[in-house]
Amino acid sequence: MTTKIKGMDKSFIKIKCPDCGTETLTYARGSTEVKCPVCNTVLAKPTGGKFEINGQISGEFK
Ligand SMILES: [Zn+2]
């Protein structure tokens, strides 16, 4: 599952790894790839202003 987010007002999101289920807290926007610390799966990658999420967003934090 891929989710594209743009212009989110949330500062942090928690992404659940689609492979191992580990939850990783990261910025909702960024310019670098976010990888799972356990299995190294790419969880989010920047694509021209959007942040493409690979996995499930399990939480949002301001
Ligand atoms: Zn993982």
Side-chain angles (χ1 to χ4, degrees):
M1 184 178 73
T2 299
T3 307
K4 284 182 179 171
I5 55 175
K6 187 178 183 182
M8 278 183 68
D9 60 350
K10 304 288 193 286
S11 297
F12 294 94
I13 52 174
K14 206 192 266 182
I15 306 170
K16 191 171 186 179
C17 177
D19 285 349
C20 72
T22 299
E23 291 182 328
T24 302
L25 189 65
T26 184
Y27 288 108
R29 277 177 272 187
S31 56
T32 56
E33 282 187 346
V34 178
K35 287 183 179 178
C36 175
V38 176
C39 67
N40 231 28
T41 295
V42 176
L43 298 178
K45 59 181 177 182
T47 54
K50 298 175 191 168
F51 213 37
E52 192 172 303
I53 309 297
N54 176 34
Q56 186 183 342
I57 298 173
S58 56
E60 298 173 348
F61 306 89
K62 285 244 180 184

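Counting starts at 1 for both ligands and their atoms, in listed order. Hydrogens, waters and symmetry mates play no part in the numbers below; they use all other heavy atoms, side chains included.
Taking both residues in full, the closest heavy atoms of Tyr27 and Ile13 are given as O-CG1, 4.1 Å, listed atom of the first, atom of the second, then distance. Of all heavy-atom pairs spanning Glu33 and Val42, the tightest one is OE1-CG2, 3.8 Å. The two residues Pro18 and Asn54 come nearest to each other via the heavy atoms CD-O, 3.6 Å.
In this structure, the salt bridge (Lys or Arg N to Asp or Glu O under 4.0 Å) partners of Lys14, at least two apart in sequence or on a different chain, are Glu23.
Protein contacts to the Zn ion (ligand 1) involving N, O or S atoms at a distance below 2.8 Å are Cys17 SG, Cys20 SG, Cys36 SG, Cys39 SG.
With values rounded to the nearest 0.5 angstrom, Thr41 atom OG1 is found 3.5 Å from Asp19 atom CG. The structure places CD1 of Ile53 at 4.0 Å from CD1 of Ile15, a figure rounded to the nearest 0.5 Å.
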